[in-house]
Amino acid sequence: MRAPRRTAHLRADGTPALARDAFLADVLGGLSRPQKAIPSRWLYDARGSRLFQWITNLPAYYPTRVERELLSACAPDVAARLEGRPCTVVDLGAGDGHKTAVLLRALAARVPALTYAPVDVSAAALAEACARAAEAVPGAAARPVRAIYAEALRRLGPGAPGEARLVLFLGSSIGNLEHAEAAAFLARLRRALGPGDHALVGFDLVKPLDVLRRAYDDPQGVTAAFNLNLLARANRELSADFDLAAFRHRATWDPGRPAMESWLESARDQAVHLGGRTLRLAAGERIHTEISCKYRPAQVAAFAAEAGFEAAARFTDARGWFCDALWRVGG
Ligand code: AVI
């Protein structure tokens, strides 16, 4: 028998978990509730991360493309605000590195010394992020942090005298947190920083519904594969017997939150076995798998104020689809 995998895992809110045990508990617990749900953090195993990377390059998935254009345009402005001081960039989720490279290049032109500190639990992801940063700015020092986000923030400590720190939390990863979790995470980020430090946070904004629907249910079916991989992962790691052909990806809009939500819908009455239990799903019954909150500018400003940041600048594209908010710690 294979030993269970016990790897540290990254929750959306940055808290640790032992992968297999926690996954089993989350799937069993989530499928036993009246509204079935599996937390979205389990979407990101190696295959899920590859599928998400693919999503970010789809024509229908506008957030990555729009934010990349936005950052290319605003990078000189961000860099100007940190001018003259040695700067450390703490990158909570480097993605494919394109966005970070633009910022690092702009900063390198303005600051006397630049340190790049990507944060990830995966050593391979950190090595890749550092290599891409070195390519973008050969003179930058690398200080990779192998930790979950919460731990990395705890370890940050006070900055060196005269140093400016810039924490990046891009891509609207904040949108995958429920409102209260997002507010708590931003408050924790604020407490980890000191006077003069900045945070650049990406928020996906409310926009026409047809654009949102295509982004979260793309014509190529990559988002569907990404969502269904959650059940495939349960089969692989928990010896579950989900019949993938008997589930459909669904993306719905909740105007109240507002948010796009992802679901896996059972195509027929069925039973699934895992962890010694039998779980039943009725035809049409849905498992909730992800929330992707969409924001209005006033909500972005409210998050800054609630967490105790000063809103330094807000960068938005011409259509008002995405916003990168630059926040500063006063004092
Ligand atoms: C990672 N996160 C910001 C993506 C989003 O847009 O919520 C995850 C995603 N889910 C489906 N498509 C993309």
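When a residue number appears, it is its place in the shown sequence, counting from 1.
- Within the 4.5 Å cutoff, the side chain of Leu230 has no heavy atoms near those of the Val27 side chain.
- At a cut-off of 3.5 Å, with distance as the only test, no side-chain donor of Ser292 or Glu261 sits close to an acceptor on the other residue.
- Ser40 and Asn176 share no donor-acceptor pair across their side chains, judged by distance under 3.5 Å alone.
- There is a path of hydrophobic side-chain contacts, each under 4.5 Å, that joins Leu31 to Leu228.
- Following chains of ILVMFWY side-chain contacts shorter than 4.5 Å, one cannot reach Ile291 starting from Ile38, and the two form parts of different hydrophobic clusters.
- A donor and an acceptor atom, one from each side chain of Asn229 and Arg236, are located under 3.5 Å apart.
- Atom CZ of Arg155 has more than 12 neighbouring heavy atoms from other residues, nucleotides or ligands inside a 6.0 Å radius.
- Side-chain contact between Gln220 and Pro59: present, with at least one pair of heavy atoms (C-beta onward) separated by less than 4.5 Å.
- Ionic pairing of Arg250 and Asp217 is not present here: no N-O contact between side-chain nitrogen and carboxylate oxygen is shorter than 4.0 angstrom.
- Atom SG of Cys293 and atom CD1 of Ile174 lie 9.0 Å apart (nearest 0.5 Å).
- A donor-acceptor pair is defined here as one N or O able to donate and one able to accept, closer than 3.5 Å; no such pair exists between the side chain of Lys294 and the backbone of Pro258.
- Other residues, nucleotides and ligands contribute more than 12 heavy atoms inside 6.0 Å of the CZ atom of Arg81.
- Between the side chain of Asp197 and the backbone N or O of Arg165 there is at least one donor-acceptor pair closer than 3.5 Å.
- Closest approach of Glu306 and Ala183 over heavy atoms only: OE2-CB, 3.6 Å.
- For an aromatic pair to be called close, the ring centres must be under 6.0 Å apart, and Tyr44 with Phe226 satisfies this.
- Residues Ala106 and Ala79 approach most closely at O-CB, 3.5 Å, considering heavy atoms.
- The shortest non-hydrogen separation linking Trp263 to Thr289 is N-OG1, 3.7 Å.
- Under the 4.5 Å side-chain contact rule for hydrophobic residues, Leu168 and Leu126 do not share a cluster.
- Relative to the ring axis of Phe309, Arg328 does not place its NZ or CZ within 45° and under 6.0 Å from the centre.
- Scanning both residues, Ala234 and Phe242, for their nearest heavy atoms gives CB-CE1, 3.8 Å.
- Arg188 places no side-chain N or O within 3.5 Å of a backbone atom of Ala150 that could act as its donor or acceptor partner.
- Using cut-offs of 30° and 60° for the angle between ring planes, the Tyr149 and Phe169 rings count as perpendicular.
- Between His179 and Phe303, the gap from one ring centroid to the other is short of 6.0 Å.
- For the atom pair Glu163 CD and Leu82 CG, the distance stands at 10.5 Å (nearest 0.5 Å).
- Thr252 and Arg213 share no side-chain donor-acceptor pair at under 3.5 Å.
- With Glu135 contributing its side chain and Arg132 its backbone, the two residues share no donor-acceptor pair below 3.5 Å.
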Q: Starting from the C-alpha separation in whole Å, work towards a yes-or-no answer on salt bridge (charged side-chain N to carboxylate O under 4.0 Å, His left out) for Glu237 and Arg20.
A: CA-CA 7 Å; Glu237 296 185 15; Arg20 189 189 179 279; over 6 Å; no
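- With values rounded to the nearest 0.5 angstrom, Ile55 atom CD1 is found 4.0 Å from Thr223 atom OG1.
- Between the CG atom of Leu326 and the SG atom of Cys74 there is a distance of 8.0 Å, given to the nearest 0.5 Å.
- For Glu181 (side chain) and Glu178 (main-chain N/O), a donor-acceptor pair under 3.5 Å exists by modelled atom type.
- Atom CD in Gln270 sits 10.5 Å away from atom CG in Leu279 (nearest 0.5 Å).
- One hydrophobic cluster, built from ILVMFWY side chains closer than 4.5 Å, cannot hold both Val102 and Tyr116; they sit in different ones.
- For the pair Ser172 (side chain) and Asp204 (backbone), a donor-acceptor distance under 3.5 Å is present.
- A heavy-atom distance below 4.5 Å is not found between the side chains of Arg286 and Leu264.
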Q. Given Asp269 and Arg280, is the salt bridge (charged side-chain N to carboxylate O under 4.0 Å, His left out) satisfied, shown in steps?
A. CA-CA 8 Å; Asp269 289 346; Arg280 292 183 196 285; over 6 Å; no
Q: Test side-chain hydrogen bond (donor to acceptor under 3.5 Å, both in side chains) on Arg65 and Thr56 and set out the steps.
A: CA-CA 8 Å; Arg65 190 176 58 255; Thr56 63; over 6 Å; no
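- A continuous path of ILVMFWY side-chain contacts below 4.5 Å connects Leu177 to Val167, so both sit in one hydrophobic cluster.
- Using modelled atom types, one finds no donor on one side chain facing an acceptor on the other under 3.5 Å when comparing Gln35 with His288.
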Q: Please lay out, stage by stage, how Asp91 and Thr100 fare under the test side-chain hydrogen bond (donor to acceptor under 3.5 Å, both in side chains).
A: CA-CA 8 Å; Asp91 193 354; Thr100 315; 3.0 Å; yes
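- The nearest pair of heavy atoms linking Thr278 to His273 is OG1-CD2, 3.2 Å.
- A side-chain donor-acceptor contact under 3.5 Å links Asp317 to the backbone of Phe322.
- Inter-residue side-chain proximity for Tyr61 and Val222 is flagged as unmet; no heavy-atom pair is nearer than 4.5 Å.
- The side-chain hydrogen bond (donor to acceptor under 3.5 Å, both in side chains) test with Tyr62 is passed by exactly one of Arg214, Lys207, Arg319: Lys207.
- Two residues are said to be in side-chain contact when any heavy atoms from C-beta on lie closer than 4.5 Å; Leu231 and Asp243 fail this criterion.
- Nearest approach of Gly308 to Arg190, heavy atoms of both residues: O-NE, 3.2 Å.
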Q. Does the pair Glu285 and Lys36 meet the rule for a salt bridge (charged side-chain N to carboxylate O under 4.0 Å, His left out), with working shown?
A. CA-CA 8 Å; Glu285 191 175 359; Lys36 293 183 169 50; 2.9 Å; yes
Q. Under the side-chain contact (heavy atoms from CB on, under 4.5 Å) criterion, do Val201 and Asp324 qualify, and how do the steps go?
A. CA-CA 5 Å; Val201 186; Asp324 278 306; over 6 Å; no
Q: Decide side-chain contact (heavy atoms from CB on, under 4.5 Å) for Leu166 and Val90; before the verdict, give the C-alpha distance in whole Å, the side-chain angles of both, and the deciding distance to 0.1 Å.
A: CA-CA 6 Å; Leu166 171 66; Val90 179; over 6 Å; no
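- In this structure, the side chain of Asn235 does not engage the main chain of Ser239 through any donor-acceptor pair within 3.5 Å.
- No more than 12 heavy-atom neighbours from other residues, nucleotides or ligands sit within 6.0 angstrom of CH2 on Trp54.
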Q) Under the side-chain contact (heavy atoms from CB on, under 4.5 Å) criterion, do Glu67 and Lys99 qualify, and how do the steps go? A) CA-CA 8 Å; Glu67 191 183 40; Lys99 299 177 203 168; 2.6 Å; yes
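- Residues Gln53 and Thr64 have side chains not in contact (no heavy-atom distance under 4.5 Å, counting atoms from C-beta outward).
- Between Arg277 and Leu28 there is a side-chain heavy-atom pair separated by less than 4.5 Å.
- In this structure, CG on Leu193 lies 7.5 Å from CG on Leu153, to the nearest 0.5 angstrom.
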